[in-house]
Amino acid sequence: MSQEQQTLLQQKITFHGAGAMAEAIVRGLISRLVVRPQDITMLNRSNLKRQEELSTRYAVHTGTASQSLDLLASSPVIVLCMKPKDAAAALRELGPLLSPNQLIVSVIAGLSIRTMQTLLGLKQPIARTMPNTSSTIGLGATGLAFSAEITDEQRSTVMTLFEAVGIVTIVPEDKLEVLTGISGSGPAYVYYLMEAMIAAGIRGGLSSQQSRDLTVQTVLGAARMVQQTGLEPMKLRSDVTSPGGATQAALKTLDEGDFFENVIAAVGRCAERSREMGAALEGDLNHE
Ligand SMILES: NC(=O)C1=CN([C@@H]2O[C@H](COP(=O)(O)OP(=O)(O)OC[C@H]3O[C@@H](n4cnc5c(N)ncnc54)[C@H](OP(=O)(O)O)[C@@H]3O)[C@@H](O)[C@H]2O)C=CC1
Ligand SMILES: O=C(O)[C@@H]1CCC=N1
């Protein structure tokens, strides 16, 4: 992992939720020297074993949210990293603790800025983000939208945080769902493709190590080819595909399963599911 020095954020950051996504961001921030471990606190609901694991692994502070109310009330940056189903209760509890200048950064799929502000009961400055787990190795892809209340300094803090762990793009908030379908959930589709390629190699008689190594290098090489040549994936695909040859036969098999349209449908369903999760949280509000 690169140890390249970036801007050091000399600010305390509290992760409210300490699961996979929080760890991916924290690992990236620490390894890139963007935030000092002693400035990071990772809070969860109750899993003490997880707290021990995180404090041993990263030398960060840990605790449970319910026992860290003073910290939440004073932390200049709070990153919401719980599952959507747990977000409403957490935001309702958080609202009364906050002062107006505390920045809320959310990574929660589907949860809109408006719903967050309603649950908090405050027009808090909010950055709604959609990162991905590749932030762990500094190769994340994060989409961002800001609430109107955000200051220039807070905006720059958010950019520094996520640029430290990958690329960042600012989008209108209503585009964050489709972005989730591409980059938030996208690593899972690529891993699934890799699982299938590895299985195919093993079934064809390669060792599992050979099959894994070949698959990893193939996916890495293909992504780098698109990045480094600047050529369109379609052109690069056609370079591999000899007329009447083996690749064409393979692609025809994928097309019989409507591969291209299925991927588009999967992205669409992901976006729709994100909207459903957001609507469920909004619906809860309307039934109060
Ligand atoms: N995983 C991914 O690839 C991505 C996830 N996201 C978003 O990140 C969020 C978290 O996902 P992920 O990390 O996978 O989830 P995990 O299940 O791995 O982690 C959830 C964490 O939230 C904690 N938690 C739950 N309720 C509370 C609470 N009231 N106060 C404090 N902590 C609480 C849990 O604590 P405990 O274990 O003690 O219950 C746990 O540490 C989701 O909203 C998801 O939409 C966004 C982009 C990508
Ligand atoms: O599966 C989920 O809901 C989250 C959103 C993006 C990745 N994981």
| field | Donor-acceptor pair between Glu149 and Gln117 side chains, under 3.5 angstrom | value | yes
| request: Only one of Thr157, Val35, Leu103 passes side chain to side chain contact (heavy atoms under 4.5 Å, CB included) with Gln11; say which it is. | output: Thr157
| Between Thr129 and Val79, is any pair of side-chain heavy atoms under 4.5 Å apart? | no
| Side-chain ion pair, Arg269 and Glu272, N-O less than 4.0 Å | yes
| query | Looking only at side chains, do Gln209 and Asp213 share a donor and an acceptor under 3.5 Å apart? | reply | yes
| query | When hydrophobic residues are tied together by side-chain contacts of less than 4.5 Å, even through go-betweens, does Met130 share a cluster with Val77? | reply | no
| request: Would you check if Phe146 and Ile126 make a side-chain contact, meaning some heavy-atom pair closer than 4.5 Å? | output: no
| query | So does Glu276 pair up with Arg273, basic N to acidic O under 4.0 Å? | reply | yes
| field | Flag for Ser156-Glu153: side-chain donor and acceptor within less than 3.5 Å | value | no
| message | Does any part of the side chain of Tyr189, heavy atoms only, come nearer than 4.5 Å to the side chain of Cys270, both counted from C-beta? | response | yes
| request: Only counting residues at least two apart or in another chain, list the ones meeting salt bridge (charged side-chain N to carboxylate O under 4.0 Å, His left out) with Arg212. | output: none
| field | Lys49 and Glu52 ion-paired at < 4.0 Å | value | no
| Polar side-chain atom of Asn132 near backbone of Gly186 as donor-acceptor pair, under 3.5 Å | no
| field | Glu177/Arg128 salt bridge by N-O under 4.0 Å criterion | value | yes
| query | When rounded to the nearest 0.5 angstrom, what distance separates OG1 in Thr169 from CG in Leu179? | reply | 7.5 Å
| Got Tyr58 and Ile40 here, is their nearest side-chain heavy-atom distance under 4.5 Å? | no
| task | For residues Leu98 and Leu120, determine if any side-chain heavy atom of one lies less than 4.5 Å from a side-chain heavy atom of the other. | result | yes
| task | Run the salt-bridge test on Arg57 and Glu23 with the 4.0 Å N-O cut-off and return the result as yes or no. | result | yes
| task | Given side chain to side chain contact (heavy atoms under 4.5 Å, CB included), test Thr160 with Val34 step by step and report yes or no. | result | CA-CA 8 Å; Thr160 302; Val34 171; 4.2 Å; yes
| Rest of the hydrophobic cluster containing Leu236 (Ile/Leu/Val/Met/Phe/Trp/Tyr, side-chain heavy atoms under 4.5 Å)? | Met225, Val226, Leu231
| said: Within the structure provided, determine whether Ile202 and Leu206 are in side-chain contact (heavy-atom separation under 4.5 Å). | reply: no
| query | Without hydrogens or angle criteria, can the side chains of Thr247 and Thr241 be said to hold a donor-acceptor pair below 3.5 Å? | reply | no
| Arg36 bridged to Asp39 by N-O distance under 4.0 Å | yes
| message | Is a donor from one side chain sitting under 3.5 angstrom from an acceptor on the other, for Ser99 and Gln102? | response | yes
| Qualifying residue, where the test is side chain to side chain contact (heavy atoms under 4.5 Å, CB included) with Ile78 and the options are Leu72, Leu71, Leu97, Val105 | Leu72
| Do Ile30 and Val60 come close enough that some side-chain heavy atom pair is under 4.5 Å? | yes
| Test log, rule side chain to side chain contact (heavy atoms under 4.5 Å, CB included), inputs Leu9 and Leu161 | CA-CA 8 Å; Leu9 273 182; Leu161 281 176; 3.6 Å; yes
